[in-house]
Amino acid sequence: MEIPPSHYPATRAAGAVENYVNYQHGSPHRLFGVREVRQATREDIPGIGHKYRLKFTMEEILHKDNPVNCTAEILYHHGDPHVAPEVHYTVEGEFGTNTEQADNKFYNRIKNLSEPLEAQNIPGVFSLKYFYDLKFYFLNGKTEVLNYHSYGNVDAEMEPVRHLAWVACGYVIWQNSTEDTWYKMVQIESVKQVKRNDDYLEFSYVVLIHDIVSQEIIPWHMQVLWNPQHGVKVTRNSRQPKRAAQD
């Protein structure tokens with residue numbers, strides 16, 4: 001069954017792909033975003049769930065690469081316990097900028113710090129206003145995502161740290177997504193580097209995740225490993241209790 005590409009079901013399914021791709025291919029200097037959903041269908045699979053088939057464009061948002069055409073299948077399983085949506089996608093053409101040199105420079109800088117990195121209250125890649133605008137955009141039948149834009153005053157040396165959080169959060173969001181959620185990371189509450197004796201960098205993040213549908217703000221802890229050759233691994237993650245101010 002064809003569904004409007006501008007409606008929430010198609011948009012949320014595209015978001016699942018976006019987060020999956022970021023976790024698989026993102027880096028401290030490379031992030032991916034869905035630019036436009038052009039076509040969408042939904043199939044009811046009895047006893048299993050819903051399968052979405054999408055045609056859309058995606059771009060590397062930090063370097064403003066030209067959007068590439070993509071197709072994807074996303075299967076949402078129904079019932080308990082929760083199962084992460086199954087994502088399969090294809091890309092036409094080159095996909096993303098080579099960031100090896102920048103990634104290695106960041107890796108060596110953090111690896112050689114005399115004291116472990118620690119920071120609080122780092123703005124997310126996008127502001128909450130961006131997501132309110134985004135919700136309004138889709139409620140009014142638009143089919144293109146708003147232009148991605150950086151948000152907040154962050155030192156250049158900390159930019160890769162928040163980008164790494166965005167990539168790692170792609171795993172958390174993908175794993176916890178359903179047809180009724182639309183998650184985005186909006187802030188890093190805290191980040192602490194954990195010193196290691198192997199080739200990985202390790203960070204302990206607490207991030208705030210915004211569900212655009214319910215407007216809920218969710219604190220989430222992520223224990224993250226990263227190495228330029230092996231990418232990102234989220235070794236532990238857990239939803240945290242809401243802060244008193246959010247109740």
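All values derive from a computational prediction rather than experimental measurement.
Taking hydrophobic clusters as Ile, Leu, Val, Met, Phe, Trp and Tyr residues chained together by side-chain heavy-atom distances below 4.5 Å, Val21 shares a cluster with Val68. Cluster annotation: Leu225 and Val206 are assigned to distinct hydrophobic clusters (Ile/Leu/Val/Met/Phe/Trp/Tyr, side-chain heavy-atom contacts under 4.5 Å, transitive).
In this structure, Tyr23 OH and Phe32 CZ are separated by 15.5 Å, a value rounded to the nearest 0.5 Å. Of the inter-residue distances, the one linking Ile3 atom CD1 with Arg42 atom CZ reads 5.5 Å to the nearest 0.5 angstrom. The CD atom of Gln223 sits 10.5 Å away from the NZ atom of Lys192 when rounded to the nearest 0.5 Å. Here Ile188 contributes atom CD1 and Gln120 contributes atom CD; the two are 11.0 Å apart, rounded to the nearest 0.5 Å.
Taking every heavy atom of both residues into account, Thr57 and Pro67 meet most closely at CB-CB, 4.0 Å. What you find for Pro46 and Asp44 is that their closest heavy atoms are CD-O, 3.4 Å. For the residue pair Met158 and Ile122, the shortest heavy atom distance occurs at CE-CD1, 3.5 Å.
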*Please assess Gln101 against His29 for the test side-chain contact (heavy atoms from CB on, under 4.5 Å), listing each intermediate value before the final yes or no.*
CA-CA 10 Å; Gln101 183 175 353; His29 300 89; over 6 Å; no
_Quick one, Gln187 with Asn121, criterion side-chain contact (heavy atoms from CB on, under 4.5 Å). Give me CA distance, side-chain angles, the key distance, then yes/no._
CA-CA 7 Å; Gln187 185 178 351; Asn121 300 321; 3.4 Å; yes
*asked:* Applying ring-ring contact (aromatic ring centres under 6.0 Å, His included) to Tyr183 and Trp220, what does each step give before you reach the verdict?
replied: CA-CA 12 Å; Tyr183 294 129; Trp220 212 289; 7.3 Å; no
*Determine, stepwise, if the pair His63 / Thr99 fulfils side-chain contact (heavy atoms from CB on, under 4.5 Å).*
CA-CA 10 Å; His63 301 276; Thr99 61; 3.8 Å; yes
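Other cluster members for Leu75: Ile45, Ile48, joined by side-chain heavy-atom distances under 4.5 Å among Ile, Leu, Val, Met, Phe, Trp and Tyr.
Atom CG of Asn69 is surrounded by more than 12 heavy atoms from other residues, nucleotides or ligands within 6.0 Å. Summarising the local packing, NZ of Lys195 is surrounded by more than 12 heavy atoms from other residues, nucleotides or ligands at distances under 6.0 Å.
For His210 and Gln215, the side-chain atoms include at least one donor-acceptor pair closer than 3.5 Å. For Thr41 and Glu2, the side-chain atoms include no donor-acceptor pair closer than 3.5 Å. Between the side chains of Glu86 and His77, at least one donor N or O sits under 3.5 Å from an acceptor N or O.
Here His50 and His78 bring their ring centres to under 6.0 angstrom of each other.
Asn98 places a side-chain N or O within donor-acceptor distance of the main-chain N or O of Glu100, the cut-off being under 3.5 Å.
For Glu73 and Lys51, the salt-bridge test passes: some basic side-chain N is under 4.0 Å from an acidic carboxylate O.
Side-chain atoms of Val213 and Asp180, non-hydrogen and from C-beta on, never get closer than 4.5 Å to each other.
When the options Phe106, Tyr205, Tyr171, Tyr200 are evaluated for a ring pair (Phe, Tyr, Trp, His ring centres under 6.0 Å) with Trp226, the one that passes is Phe106.
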